[in-house]
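Let me begin by presenting the structure, written as structure tokens, before commenting on it.
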Amino acid sequence: MTTFLAYTIVGIATGCIYALTASGLVVTYTTSGIFNFAHGAIGMVMAFTFWELTVKDGWPQWLALIVVLGLFAPLLGYLIDRLLMRNLHGASTSTQIVMTLGLLLLLIGVATVRWNPGEARVLPEFFIGHHIRLFTINVTYHQLTMIAVAVLVAAFLRLLFTRTQIGIAMRAVVDDPELASLTGADPDRVRAVSWALGASLAGLAGILLAPLVSLDIILLTLLVINGYAAAMVGRLKSLPLTFVGGLALGLAETYAIWKLPTGLLNKIRPSLPIIFLYLVLLVLPQAKLRAGRAVSLRRPPRVAGLGESIIGGVALVGVAALIAPHMSRSDLTLAGQGMVFALIMLSLVLLTGYAGQTSLAQMTFVGIGAFAMGKYFGGASLLGILLAAVLAGAIGAVAALPALRLQGLYLALSTLAFAEAMSTMFFKNAAVFGYGGRLAVGRPSVLGVSFHGDHAYFLLITGVFALAGIGVLALRRGKFGRKLVAMKDSPAACATLGIDLTFTKLAVFALSASLAGVAGVFFGGLRGQVGPNDFEMLQSLVLLLLVTISGISSVTGALMGGLTFGLIPRLQQTFKSVRSLTYIGPGLGILGVGRNPYGYTSEFAPLGARIRRRFGRGAEPPAGPAGDGSAASANLEEVDDLVGVAG
Amino acid sequence: MSVLRVEAVEVRFGGVTALGGVDLQADAGRVTGLIGPNGAGKTTLFNVITGLQTPTAGRVYLDEQDVTHKKPHQRARLRVARTFQRLEVFGSLTTRENIMVAAEACQSWSNDNENPKVVTEEIIDRVGLRDVAESPVDALSTGLARLVELGRSMATRPRLLLLDEPGSGLDNNETDGLARILVELAGEGMAVLLVEHDMELVMRVCSEIFVLDFGRLIARGNPTEIQADEAVHAAYLGTEDDAKDTALEQVEEAVL
Ligand SMILES: Nc1ncnc2c1ncn2[C@@H]1O[C@H](COP(=O)(O)OP(=O)(O)OP(=O)(O)O)[C@@H](O)[C@H]1O
Ligand SMILES: [Mg+2]
């Protein structure tokens, strides 16, 4: 009994941290409708800043706390809202997601430049050395501080949201900004306040957590994922339920530590929050469909016809065959890698570009593909490609299943958690790649033709990309593809046409995972071997961002995005002084996407149209009435709505 | 037997009562009107009928079958279709693809043996969208996009068609075309429920009209009765909405 009590107290302390992390997420989401994937990164930056002020510059803790949580964090939150998020209200979920992911990478990049990860840093616990003894275990003052802070924060938020005018306005803004403005609150100001507050809460959690884990940029950034489950208990909106969720998670984890045999525990402990998350997903009620779609004033890229896409594919392979003989071995590897990335991005064109669903686990499926090929076929058999596709698709379907009933955001959240779980449980598991080891993945021979040489293998990958591109386009022009785009453009309209979207979502997710799995075979074949660190979740994010920047709705976008990704190592060699170009580049580049969600390749559309006219290929469809006409009517509708609300 | 029967439907949003116990029906073979000032609850009622909004009380019957707890796609399969006041077109698909999605969906869940391609082309001609069949719908004017929604909703061969302000944004010619289509559809035995602010259009095509104000039914009757109804006049004139409507008209003129 006493042991039980002791563990309960420790569990509450852990739960408080989860609750704290999650509460910041919920505060910004309730008010702005934007889920801040960079929440953990903000906490990380604030923890490092706190370290710099206290440990490095010797400021007293209280002063540093005031400056970091009262000045720096709110300022950062305010700037994020002003510069990045303000234009995103009403944008599609997938655009909102990539924007905050861009911020996440940018913050990681900046932190890496400022605080060299090569140096070891320690942030001491608060009241270090003090603890009280409860029955059989020690509870540190730091843990008690966490409980106290969580209670204070909970009380503060409760008062804020129920007693103050700004707090009540904050709750109203996301549902109906115009309505909220009738209560006298300025929605812009309310949102700014919520971002500032969210950033402070992130900072608070980061500073309290850093001493317990370690002052590590990536680790601290990703720790917030553990809080997702807690936030979901409150359906991302309810703070009291979020705290309940946090406590439940903390207690479950502590009891598991107490009761489970160590062997099993060590295996599942890192993924406990993720198991919890999936359980929460299963019990969450189905999402209500809501009318109200994101409207873009930009025209989506044209979909190439069969003839055109075949010409394009042949041309691509032709160009590759022409230049390959003049490329050095390392250049071939680089270009091949670009092509592999392009293939992975193609899987995102299908999933995100067409269907509007977001996966943050694409590299995980790549890893599963590489694993299937290497483990069971050594890499030389074509059957391995089939197995890679089937295995990645099946695992993808299982991973996505619980989130499908819910809004798109939940799918993104659960894939993120899934990717992290796979990374710790599967790829870093000694049974998978051998202890700290590498798994060899070979190159196949097709119909007696060997593709072992670098030159031949590069051409093979290019050919596979061309085929996959033709296939994806054919799919888009068909019945299934139309349904995907319809689902992206208006789920509500789909439902009123009798379309049940659950199966469509599942199918496209599995298909996309399969394609990524196939890409994994070539990813492995190109390198010759794969290891536990090749399939990190952050890579998936970089990939998603790069293809979004170049154009996630088109095969051309995937090709350009892939080649850009392939080039980053080269660029990094040139710009040695800028550490982590991989993060800073895409992080900055994504800012342009708010302006044109179809990416930069879509800017070349007029050029393509001119070329097609020149060659008399397919007359251009008659353009609708001039753009300003529809813009004017859009304005009118807004007026209409305003009047409707007032009436 | 009515195709649609709504019984004592009530919807509250927090403190706002959008619908306060509304009864209504729509019969096969005619156009039923649903009018009322801005914010009267017309769109909300459409959402309740199609399952996008759960009512706080009341029931919805389709062909006397209680569908109050059915999901939107299940109701659609009972041959209910609608258009949206705030457009829900598939903006990155072409006009033809928009209609085709609906025709293909219908083919997949019904026993109809119609070829979706044939259905699509027939509807494109019927609604008069041949010229813009290949254009992405986001590039169309609001009026044309509304016609796309109309065509799309027709492609599932509905028995009950709910139209939320299909006439706004249309020019005189297009409005005439719309009126003709509505009468035709009713003539083929469809039940059409029409929400519309263009009173001339409503009076021209509807055989029965329901009037909502502040979420309550204030009148019901044929066009002549409604035009003579005191309560209806009061609802439209007595509130500031009229002033807003004129303001809106002025804005419209200024913009267009
Ligand atoms: N999701 C919602 N949340 C809160 N209030 C809402 C919501 N939807 C509608 N309302 C309110 O319900 C009332 C009825 O709105 P509704 O859109 O049904 O009116 P309407 O008759 O369609 O008006 P209009 O002619 O302007 O289209 C209005 O007061 C509106 O503000
Ligand atoms: Mg309405």
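Note: hydrogens, waters and symmetry copies are ignored here, and every other heavy atom, side chains too, is used. Protein chains get the first letters and strands the later ones, always in sequence-line order, with residue 1 at the start of each.
In this structure, chain A has no heavy atom under 4.5 Å from any part of B:R79. Residue contact with chain A, scored on non-hydrogen atoms closer than 4.5 Å, involves the backbone of B:V80 exclusively.
Between the side chain of A:D489 and the backbone N or O of B:S92 there is at least one donor-acceptor pair closer than 3.5 Å. Here the side chain of B:R77 pairs a donor or acceptor atom with the backbone of A:G498 at under 3.5 angstrom. Remark: side-chain polar atoms of B:W109 are not paired, donor with acceptor, to backbone N or O of A:D500 under 3.5 angstrom.
In the displayed structure, A:R477 atom CZ is contacted under 6.0 Å by more than 12 heavy atoms of other residues, nucleotides or ligands. Atom CZ of B:R12 has 12 or fewer heavy atoms from other residues, nucleotides or ligands within 6.0 Å. Heavy-atom neighbours of B:N172 CG from other residues, nucleotides or ligands within 6.0 Å: at or below the threshold of 12. Counting heavy atoms of neighbouring residues, nucleotides and ligands inside a 6.0 Å radius, atom CZ of B:R157 exceeds 12 of them.
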Side chain to side chain contact (heavy atoms under 4.5 Å, CB included) between A:R482 and B:R96, worked out: CA-CA 11 Å; A:R482 275 191 288 278; B:R96 174 175 285 118; over 6 Å; no

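Heavy-atom pairs under 4.5 Å with chain B were tallied for A:S553, A:A486, A:A493; the largest tally goes to A:A486. Listed options A:K488, A:K483, A:R476, A:M487 were ranked by heavy-atom pairs under 4.5 angstrom with chain B; first place goes to A:R476. Each of B:T43, B:T83, B:L93 has some count of heavy-atom pairs under 4.5 Å with chain A, and the biggest count is that of B:L93.
Rounding to the nearest 0.5 Å gives a distance of 7.0 Å between CZ of B:R82 and OG1 of A:T496. Atom NZ of residue A:K479 and atom CD of residue B:E97 lie 14.5 Å apart, to the nearest 0.5 angstrom. For the atom pair OG (A:S490) and CD (B:E149), the distance works out to 8.0 Å, reported to the nearest 0.5 Å.
In terms of heavy-atom proximity, A:I499 sits nearest to B:H73 at O-CB, 3.6 Å.
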